[in-house]
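Notes to accompany the following structure.
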Protein chains: 2
Amino acid sequence: MKRGSAPTMKDVAREAGVALGTVSKVFNNGSVGEEYRQRVLEAAKRLGYQVNSYARGLKTNRTYAVAVVLPNIINPFFSVLAQNLCQALTKRGYRMFLSITDFDPEAEQRYIHMAQQNQVDGIIGLTYNPDLQVADKVPFVSFDRYVSPDVPCVASDNFGGGQLAAKKLVELGCKRLLFLRIGSTVAGESDKRRDGFEAFCRGMGVEHDTLYLRDSDGYGPFRDFLQAHIHQGRLDYDGIFCCTDVLTLEIQKMLSELEVHVPQDVQLIGFDGTAIHMGREPDCSTIVQPIPLLAETCVDILLKEDKSDLPSLICLPVSYAPGGTTRDGA
Amino acid sequence: MKRGSAPTMKDVAREAGVALGTVSKVFNNGSVGEEYRQRVLEAAKRLGYQVNSYARGLKTNRTYAVAVVLPNIINPFFSVLAQNLCQALTKRGYRMFLSITDFDPEAEQRYIHMAQQNQVDGIIGLTYNPDLQVADKVPFVSFDRYVSPDVPCVASDNFGGGQLAAKKLVELGCKRLLFLRIGSTVAGESDKRRDGFEAFCRGMGVEHDTLYLRDSDGYGPFRDFLQAHIHQGRLDYDGIFCCTDVLTLEIQKMLSELEVHVPQDVQLIGFDGTAIHMGREPDCSTIVQPIPLLAETCVDILLKEDKSDLPSLICLPVSYAPGGTTRDGA
DNA sequence: TTGTAAGCGTTATCAC
DNA sequence: GTGATAACGCTTACAA
């Protein structure tokens, strides 16, 4: 053993007085005589030996590492997702190598490239690059976004969630509904929240409007819209479905400034339910995404050996949770 | 090139009609004739070649990967820290491999082991295992916790922060102060928040009390304590320093239920200021930890070539930010 | 400047 | 069941 550098299998073999191959077998659950196995294990412990996973990876082409590419982990939804992905991977003996893109399409592409170069066993990505190039050499699962026909996409049942939100509001007595959304210009699964909402309203003949903003617009237009729809102190709408919980809180704040009372004058339902997965009470009444299940599903699909019959879209069920912004007691 | 598997340098060499070593030099900025370089680059592009970093790592013993070990990334402080660490590492050409311990000392030890086995170039850990074993083979930087004499620890100036909080409250007119803390039983740098607070109060002759809970106690005792210290509708204290912003919000909620008004009747200062690093308004008046700087510092120290003159504790400066729970306008 | 060849620490294939 | 030996894809002397 060269001084200063870590011990290798060779060192262990010499220390234990066995052949190199025998040591390898011990660390790979091969069949080895019990006496030899003990000798090897003891020698390894004496030397403080650890398998060099890079050498192993070079040989086996499996690295037990998965790259996760996310816009950030500051947004609670992303951080809870990241945490659940990490745990799901760990449970299966994989390590998570995390990249933060800050919504930059070029960074997304760069990280995907890097990940491939680093021989990861797979990539899970939540990306906004409409023409993302992903080599089909390494398995890829996309979260909430369609990438290409052979890239499976995992998402919540956004359409169903939109329907559910509208249905709940109607059940809670609302007569005139509003859908509020702010987000990326890039098309994604979550756009279907609106589709589901409108489908339900149309189907039931419920009056409804929609305000659809892009991130760059900021919240200002929401305030203007709400203000313009207050007549004699009353808001024209008695039920609002917001595309995220974060937006719901923001709208609630605006309404409070406009002296419209939640949930007496108007009831609010958001989307995500992240707080629930953080062990907290929900911040608002909301459609809950099954984040732990989403994470497990991403990982399962990614690591599935048989890539032949991959579905191209997997929608997971959402649920409703009251949280103070509707008139169904928490 | 064997069909189905990725192209290697050998394939590129053959395709370009040059020797293997030449290809290697091209990808390592060695000196290669311009004509050869072009030939190699083109051949590489044609084949879609990417350097296999595992093979490279095996040879060079540098993997450009750093393990980050955190209790979770759901707590906003940790998630902002993780994000900043990730960015600091990326900036320097390193990848972040994240482990979530959920405060489990055994998991901490396990991940440290794993990280070493995976030949990372270093480990940054925020751990609660009082007798963590970390091989001195791989560089380790500890966040907020003393591990051993030769493991550098990076933390905010918690003592100074405690003093600053007390000083601010006194400047804002408080006469009788209270320090509230809940946290781990494991000793850490953040315990010094109390020390600094008390040192200031003693030095200035300010009346003060302290309530020091462990996580397992829950928030209940705080409520009892506050209730017991309300006489004729007035709280005995007019200034409270809470050990985190999360606790501050919790206390604020309790006080509101007890009909004590913040900041009129009592002023609150928290610790962390995480919201500021998320681009939000602070949730409460607070002592702000310089999270981006903390992350940069961890990474700088970890990757420092010359390990000879490592300080054992690096304290970074904190600052005060008003946020509505004190009587200095936001 | 370019090519050759010897490893890096494993795993895997064989003879034994 | 055990032990040589040849890869794996790359870097790096060293020779040409």
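Lettering follows sequence order; numbering is per chain, from 1.
B:Tyr64 has its ring centre less than 6.0 Å from the ring centre of B:Tyr94.
In plain terms, the two heavy atoms of A:Ala16 and A:Ala43 that are nearest each other are CB-CB, 3.7 Å. Across every non-hydrogen atom of A:Phe97 and B:Arg95, the tightest pair is CZ-CD, 3.3 Å. The minimum heavy-atom distance linking A:Ser184 with A:Asp215 is given by the pair N-OD2, 3.4 Å. Residues A:Arg37 and A:Val26 share a closest heavy-atom pair of NH2-O, 3.8 Å.
Atom CG in B:Asp11 sits about 13 Å away from atom C1' in D:dC8, given to the nearest Å. B:Tyr54 places its OH atom 16 Å from the C1' atom of C:dT11, with the value rounded to the nearest Å. Atom NZ in A:Lys10 sits about 15 Å away from atom P in C:dT11, given to the nearest Å. We find that CZ of A:Arg62 is positioned 17 Å from C1' of C:dA12, with the value rounded to whole Å. Across the protein-nucleic acid pair, A:Asn52 atom CG and D:dC10 atom P stand 16 Å apart, rounded to whole Å. Nucleotide D:dG9 holds its P atom 16 Å from the CG atom of A:Asn118, rounded to whole Å.
Remark: A:Glu35 engages A:Arg39 in a salt bridge (charged side-chain N to carboxylate O under 4.0 Å, His left out) (not counting sequence neighbours).
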With ring-ring contact (aromatic ring centres under 6.0 Å, His included) as the criterion, how do A:Tyr54 and B:Tyr54 come out once you've worked through the C-alpha distance, each side chain's angles and the decisive distance to 0.1 Å? CA-CA 5 Å; A:Tyr54 272 65; B:Tyr54 271 65; 3.9 Å; yes
Between B:Lys304 and B:Asp309, is the salt bridge (charged side-chain N to carboxylate O under 4.0 Å, His left out) condition met? List the steps. CA-CA 10 Å; B:Lys304 207 159 168 287; B:Asp309 58 344; 3.2 Å; yes
Which atoms of nucleotides 11-14 of chain D (N or O only) lie under 3.5 Å from a protein N or O atom, and what are those distances?
| unit_1 | atom_1 | unit_2 | atom_2 | d |
| --- | --- | --- | --- | --- |
| D:dT11 | OP1 | B:Asn28 | OD1 | 3.4 |
| D:dT11 | OP1 | B:Asn28 | ND2 | 3.4 |
| D:dT11 | OP1 | B:Arg56 | NE | 2.5 |
| D:dT11 | OP1 | B:Arg56 | NH2 | 3.0 |
| D:dT11 | OP2 | B:Ser24 | OG | 3.0 |
| D:dT11 | OP2 | B:Asn28 | ND2 | 3.2 |

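The end-to-end axis angle of the helix from C:dT1-D:dA16 to C:dC16-D:dG1, rounded to 10 degrees and based on five pairs per end, is 40°.
With the nearest nucleotide of DNA chain C identified for both B:Asn61 and B:Thr22, B:Thr22 has the one nearer the 5' end.
Environment of CD in B:Glu34: crowded, with over 12 heavy atoms of neighbouring residues, nucleotides or ligands closer than 6.0 Å.
When heavy atoms are screened at a 4.0 angstrom cut-off, A:Gln50 is found touching the sugar-phosphate backbone but no base atom.
Listed nucleotides: C:dT10, C:dG3, D:dG1. Nearest to the side chain of A:Thr8: C:dT10.
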